[in-house]
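In what follows, a single structure is set out as C-alpha coordinates and then discussed.
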Amino acid sequence: MIPSRLQQLLSFLETAPNDAFTLYSVAYEYLNQSEILTAIKYFEQLKSLHPEYIGTYYHLGKSLEKIKDKQAAALVYQSGIEVARKLKDRHALAELQTALNEVLFDD
(Lines give C-alpha, C1' and ligand atoms only; values in the text may rest on other atoms or scores of the structure.)
Protein backbone atom coordinates (compact mmCIF):
# COMPACT_ATOMS: atom_id res chain seq x y z
CA MET A 1 0.00 0.00 0.00
CA ILE A 2 1.31 3.42 -0.95
CA PRO A 3 1.38 5.84 2.00
CA SER A 4 -0.81 8.90 1.69
CA ARG A 5 0.76 12.28 1.16
CA LEU A 6 -0.13 13.23 4.74
CA GLN A 7 1.41 10.03 6.12
CA GLN A 8 4.61 10.75 4.21
CA LEU A 9 4.72 14.33 5.48
CA LEU A 10 4.12 13.24 9.06
CA SER A 11 6.98 10.75 8.80
CA PHE A 12 9.24 13.55 7.50
CA LEU A 13 8.11 15.64 10.46
CA GLU A 14 9.14 12.87 12.87
CA THR A 15 12.63 13.04 11.42
CA ALA A 16 12.82 16.85 11.41
CA PRO A 17 10.12 18.17 13.77
CA ASN A 18 11.16 21.82 13.40
CA ASP A 19 11.60 21.93 9.62
CA ALA A 20 9.68 24.95 8.33
CA PHE A 21 8.77 23.54 4.93
CA THR A 22 7.57 20.24 6.39
CA LEU A 23 5.47 21.97 9.06
CA TYR A 24 3.95 24.19 6.38
CA SER A 25 3.25 21.19 4.15
CA VAL A 26 1.60 19.23 6.96
CA ALA A 27 -0.56 22.21 7.92
CA TYR A 28 -1.54 22.82 4.32
CA GLU A 29 -2.39 19.15 3.77
CA TYR A 30 -4.69 19.17 6.81
CA LEU A 31 -6.26 22.35 5.43
CA ASN A 32 -6.86 20.62 2.10
CA GLN A 33 -8.56 17.78 3.96
CA SER A 34 -10.82 20.28 5.76
CA GLU A 35 -9.27 19.46 9.12
CA ILE A 36 -9.11 23.14 9.98
CA LEU A 37 -8.35 22.90 13.71
CA THR A 38 -5.44 20.55 13.11
CA ALA A 39 -4.15 22.79 10.32
CA ILE A 40 -4.32 25.77 12.68
CA LYS A 41 -2.30 23.86 15.26
CA TYR A 42 0.50 23.24 12.76
CA PHE A 43 0.40 26.78 11.34
CA GLU A 44 0.64 28.14 14.91
CA GLN A 45 3.61 25.88 15.61
CA LEU A 46 5.26 27.04 12.40
CA LYS A 47 4.66 30.71 13.25
CA SER A 48 6.15 30.17 16.70
CA LEU A 49 9.26 28.35 15.45
CA HIS A 50 9.80 30.30 12.23
CA PRO A 51 8.19 33.76 12.53
CA GLU A 52 9.72 34.91 9.24
CA TYR A 53 8.14 32.08 7.21
CA ILE A 54 5.82 34.61 5.64
CA GLY A 55 3.32 32.28 3.95
CA THR A 56 2.17 31.09 7.35
CA TYR A 57 0.33 34.29 8.19
CA TYR A 58 -2.01 34.29 5.20
CA HIS A 59 -3.02 30.64 5.55
CA LEU A 60 -3.30 30.77 9.33
CA GLY A 61 -5.50 33.85 9.04
CA LYS A 62 -7.72 32.24 6.41
CA SER A 63 -8.00 29.12 8.57
CA LEU A 64 -9.08 31.23 11.53
CA GLU A 65 -11.66 32.92 9.32
CA LYS A 66 -13.05 29.49 8.42
CA ILE A 67 -13.78 28.82 12.08
CA LYS A 68 -15.37 32.29 12.35
CA ASP A 69 -12.63 33.82 14.51
CA LYS A 70 -12.25 37.10 12.64
CA GLN A 71 -10.55 38.85 15.56
CA ALA A 72 -7.77 36.26 15.74
CA ALA A 73 -7.45 36.30 11.94
CA ALA A 74 -7.03 40.09 11.97
CA LEU A 75 -4.29 39.83 14.60
CA VAL A 76 -2.47 37.21 12.53
CA TYR A 77 -2.71 39.36 9.40
CA GLN A 78 -1.39 42.37 11.33
CA SER A 79 1.56 40.33 12.61
CA GLY A 80 2.24 39.10 9.10
CA ILE A 81 2.16 42.66 7.76
CA GLU A 82 4.87 43.63 10.25
CA VAL A 83 7.01 40.66 9.20
CA ALA A 84 6.46 41.37 5.49
CA ARG A 85 7.56 44.98 6.01
CA LYS A 86 10.65 43.80 7.87
CA LEU A 87 11.47 41.36 5.06
CA LYS A 88 10.60 43.95 2.39
CA ASP A 89 8.29 41.37 0.78
CA ARG A 90 5.87 43.57 -1.15
CA HIS A 91 3.84 40.68 -2.57
CA ALA A 92 3.15 39.18 0.87
CA LEU A 93 2.51 42.64 2.27
CA ALA A 94 -0.14 43.36 -0.36
CA GLU A 95 -1.82 39.96 0.16
CA LEU A 96 -1.90 40.37 3.92
CA GLN A 97 -3.19 43.95 3.74
CA THR A 98 -5.98 42.83 1.40
CA ALA A 99 -6.87 39.93 3.71
CA LEU A 100 -6.88 42.26 6.72
CA ASN A 101 -9.13 44.76 4.95
CA GLU A 102 -11.52 41.99 3.94
CA VAL A 103 -11.78 40.60 7.46
CA LEU A 104 -12.26 44.04 8.97
CA PHE A 105 -14.66 45.56 6.46
CA ASP A 106 -16.60 42.71 4.84
CA ASP A 107 -19.63 41.33 6.56
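Because the structure is predicted, anything quoted here is derived from the model rather than measured. For this chain, numbers begin at 1 and follow the sequence in order. All values below were derived from every heavy atom in this structure, side-chain atoms included, with hydrogens, water molecules and symmetry-related copies excluded.
Leu13 has its side chain out of reach of Asp19: every pair of non-hydrogen atoms, C-beta onward, lies at least 4.5 Å apart. Residues Glu65 and Tyr77 have side chains in contact (heavy-atom distance under 4.5 Å, counting atoms from C-beta outward). Looking only at side-chain heavy atoms (C-beta outward), Leu93 and Gln97 come within less than 4.5 Å of each other.
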Check residues 36-52 and write down every donor-acceptor pair under 3.5 Å in which the side-chain atom is one partner and the other belongs to a residue at least two apart or another chain.
unit_1 : atom_1 : unit_2 : atom_2 : d
His50  : NE2    : Asn18  : O      : 2.5
Glu52  : OE2    : Lys86  : NZ     : 2.7

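Annotation for Ala84 and Leu96: closest pair CB-CD1, 4.4 Å, computed over non-hydrogen atoms. Taking both residues in full, the closest heavy atoms of Ser63 and Leu31 are given as OG-CD1, 3.3 Å, listed atom of the first, atom of the second, then distance. In this structure, Ile54 and Ala92 approach most closely via the heavy-atom pair CG1-CB, 3.5 Å. In this structure, Gln7 and Ser4 approach most closely via the heavy-atom pair OE1-N, 2.7 Å.
In this structure, Tyr24 OH and Leu9 CG are separated by 12.5 Å, a value rounded to the nearest 0.5 Å. Atoms CD and OH, on Gln78 and Tyr57 in that order, are 12.5 Å from each other to the nearest 0.5 Å. With rounding to the nearest 0.5 angstrom, the CZ atom of Phe12 is 10.0 Å from the CZ atom of Phe21. Between the OG1 atom of Thr15 and the CG atom of Leu10 there is a distance of 11.0 Å, given to the nearest 0.5 Å.
Enclosure of atom CD in Gln33 by more than 12 non-hydrogen atoms of other residues, nucleotides or ligands within 6.0 angstrom is indicated. Shown here is Tyr58, whose OH atom has no more than 12 heavy atoms of other residues, nucleotides or ligands within 6.0 Å.
Residues Glu95 and Lys62 are not paired through a salt bridge, judged by the lack of any N-O separation under 4.0 Å between the basic side chain and the carboxylate.
Ser11 contributes a side-chain N or O that, together with a main-chain N or O of Gln8, makes up a donor-acceptor pair within less than 3.5 Å.
Shown are Leu87, Ile81, Asp89; of these, the side-chain contact (heavy atoms from CB on, under 4.5 Å) with Arg85 is made only by Ile81.
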Would you sort out whether Thr56 and Leu23 count as a side-chain contact (heavy atoms from CB on, under 4.5 Å), showing the intermediate values?
CA-CA 10 Å; Thr56 306; Leu23 280 166; over 6 Å; no
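Linking Ile, Leu, Val, Met, Phe, Trp and Tyr residues whenever their side-chain heavy atoms come within less than 4.5 Å leaves Leu75 and Ile67 in two separate clusters.
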